[in-house]
Number of protein chains: 2
Amino acid sequence: MSTDHLKSVLKNHNLRVTDCRIDVMEYFLDEKSALSQGDLESKLTGYDRVTLYRTLNNFLESGILHKIPNESGSATYGLCHDTCSPEGHMDNHMHFKCNRCGQIECLDKKTVPEVSLPTGYQVESVNLIVDGVCVKCA
Amino acid sequence: MSTDHLKSVLKNHNLRVTDCRIDVMEYFLDEKSALSQGDLESKLTGYDRVTLYRTLNNFLESGILHKIPNESGSATYGLCHDTCSPEGHMDNHMHFKCNRCGQIECLDKKTVPEVSLPTGYQVESVNLIVDGVCVKCA
DNA sequence: ATAGTTTATGCAACTTAATTGCATTTACTG
DNA sequence: CAGTAAATGCAATTAAGTTGCATAAACTAT
């Protein structure tokens, strides 16, 4: 993934091109798995905690990242598809959490099955999180 | 739900019967919705924060409560079925989070559909979280 | 290119959640 | 009811999340 492409992604989302944002995007692309604020702090030591925090929030609002529900108590983020926008996330793919290595993956290819709810409930989005053992740890 | 019954639930899970544990269990039974550490602190003011924290953890290990994945950053807990045990949770029901009132419900009656994963992945548990508008807020 | 404007960053500070150690109290067992 | 094992409260620490503000950097329009 070239830096030029990353810059255009930022511009397409009406975000200014900064070193921090480029680095954060590259980190997500390299890792492929979901990342937390703490992961960024460990890896991207040149930036302030608050800057990373705000970068995550900007990406979230812009539709570059989505938040993945988890049990750990700290927020986890994954890269969005191209189809995501500030107006709405199309991130109804499954998430897989490995109980051995702890990594959270987005299974982009797997769509979430239709769910039926009791009458009166209005569905807005569906999140499916599967726990188990990933390919690497099996 | 009588206090006697609650006591036997605790004993069945090899937990000593204490006021705090009884009160926490009653609170969960009254509320019916999922609760967080903060909820307990607001309601059960007579107990130390740490005691409530450890009560939640004990209930989690014993299979009385299960943790519900969420995006908020603070852990949320729901009552387990009778079928849960320290050896394994059978909490594969759906969870519903209302985007208006914020409450998280366990939809016990709705089981999670079977999921198929890419080859090499081993499934241990499945969590389905539906966001939308609940009956009360609709 | 550059001056002017808007936005991002770093720093300080604060709030809340999660967590651990230890002394004391309480619940169970015989 | 005495002895033991576990639960509680208190103090203290770590980490996550959050905000305000001054400065620095990125963009825009000459």
Side-chain angles (χ1 to χ4, degrees), chain A residues 3-4 6-27 34-62 64-77 86 102 104, chain B residues 3-4 6-27 34-62 64-77 86 102 104:
Chain A
T3 303
D4 278 354
L6 298 185
K7 289 182 182 174
S8 66
V9 171
L10 289 172
K11 284 178 181 162
N12 289 341
H13 287 88
N14 292 311
L15 291 173
R16 291 194 177 181
V17 177
T18 68
D19 290 349
C20 181
R21 286 171 181 170
I22 298 276
D23 285 351
V24 169
M25 281 193 74
E26 279 184 336
Y27 185 26
L35 298 171
S36 67
Q37 163 94 21
D39 293 328
L40 296 198
E41 286 177 29
S42 306
K43 177 85 172 203
L44 274 39
T45 51
Y47 302 105
D48 192 82
R49 241 166 41 80
V50 178
T51 302
L52 295 171
Y53 163 75
R54 286 194 264 230
T55 300
L56 286 172
N57 271 10
N58 288 330
F59 283 6
L60 204 60
E61 288 172 16
S62 309
I64 294 176
L65 293 177
H66 61 273
K67 231 176 187 174
I68 303 172
N70 76 101
E71 298 175 352
S72 80
S74 63
T76 319
Y77 303 84
I104 298 174
Chain B
T3 303
D4 277 354
L6 298 185
K7 289 182 182 174
S8 66
V9 171
L10 289 172
K11 283 178 182 163
N12 288 341
H13 287 87
N14 291 313
L15 291 173
R16 292 195 176 180
V17 176
T18 67
D19 290 347
C20 180
R21 286 172 179 169
I22 297 278
D23 285 350
V24 169
M25 282 192 74
E26 278 185 338
Y27 185 25
L35 298 171
S36 68
Q37 163 93 21
D39 292 328
L40 296 199
E41 288 177 27
S42 308
K43 178 86 173 199
L44 273 39
T45 50
Y47 302 106
D48 193 82
R49 251 166 33 81
V50 179
T51 302
L52 295 171
Y53 164 75
R54 285 194 266 230
T55 300
L56 286 172
N57 271 12
N58 287 330
F59 282 6
L60 204 59
E61 288 171 16
S62 309
I64 295 176
L65 294 177
H66 61 273
K67 230 176 186 175
I68 303 172
N70 75 102
E71 299 176 353
S72 81
S74 64
T76 319
Y77 304 84
I104 299 174

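Reminder, nothing fancy here: chain letters follow the sequence lines and each chain counts from 1. Computed from a predicted model, the values in this text were never measured in an experiment.
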Using side-chain heavy atoms (C-beta onward) and a distance below 4.5 Å, is N57(A) in contact with Y53(A)?
yes
With a 4.0 Å limit, can you tell me whether T51(B) has a side-chain N or O closer than that to the phosphate oxygens OP1/OP2 of dA7(D)?
no
Do R49(A) and dG17(D) share a donor-acceptor pair, side chain to base, under 3.5 Å?
yes
In whole Å, what is the span from the NZ atom of K7(B) to the C1' atom of dA27(C)?
12 Å
Whole-Å distance separating the CG atom of D48(A) from the P atom of dA13(C):
14 Å
Using whole Å, report how far CG of N58(A) lies from C1' of dT18(D).
14 Å
Is Q37(A) reaching over with its side chain to a backbone N or O of R49(A), donor-acceptor style, under 3.5 angstrom?
yes
Separation of dT16(C) P from L40(B) CG (nearest whole Å)
17 Å
Would you please test L10(A) and I22(A) for side-chain contact (heavy atoms from CB on, under 4.5 Å) and show each step?
CA-CA 8 Å; L10(A) 289 172; I22(A) 298 276; 4.1 Å; yes
Should R54(A) and V50(A) count as side-chain neighbours, where that means a heavy-atom distance under 4.5 Å?
yes
Spatial distance of atom NZ (K7(A)) from atom OG1 (T18(A)) [nearest 0.5 Å]
11.0 Å
In whole angstrom, what separates Q37(A)'s CD from dT18(D)'s C1'?
11 Å
Can you tell me if Y53(B) touches the phosphate of dA17(C), counting only side-chain N or O atoms and a distance under 4.0 Å to OP1 or OP2?
no
Might you work through the side-chain contact (heavy atoms from CB on, under 4.5 Å) test for F59(A) and H13(A), ending with a clear yes or no?
CA-CA 9 Å; F59(A) 283 6; H13(A) 287 88; over 6 Å; no
Is I64(A) close to L15(A) at the side-chain level, that is, under 4.5 Å between some pair of heavy atoms?
yes
Atom CG of L52(B) to atom C1' of dA7(D): distance rounded to whole Å?
13 Å
Heavy atoms from C-beta onward define the side chain here; which of dC10(D), dT9(C), dT8(D) lies closest to that of T55(B)?
dT8(D)
Residue pair V50(A)/G38(B) against DNA chain C: nearer the 5' end by closest nucleotide is V50(A)
Validation row: Y47(B), L40(B) side chains within 4.5 angstrom (heavy atoms)
no
Length of the line joining I22(B):CD1 and dA27(C):C1', which is rounded to integer Å
12 Å
Could you tell me if the side chain of E26(B) sits less than 4.5 Å from the side chain of T3(B), heavy atoms only?
yes
Using whole Å, report how far CD of E71(A) lies from P of dA18(C).
13 Å
Nucleotide by nucleotide, nucleotides 21-30 of chain D touches protein heavy atoms under 4.0 Å in the pattern (B base, S sugar-phosphate only, - none) ----BBS---
To 10°, what angle do the rotation axes through the five end pairs on each side of the helix from dA1(C)-dT30(D) to dG30(C)-dC1(D) form?
40°
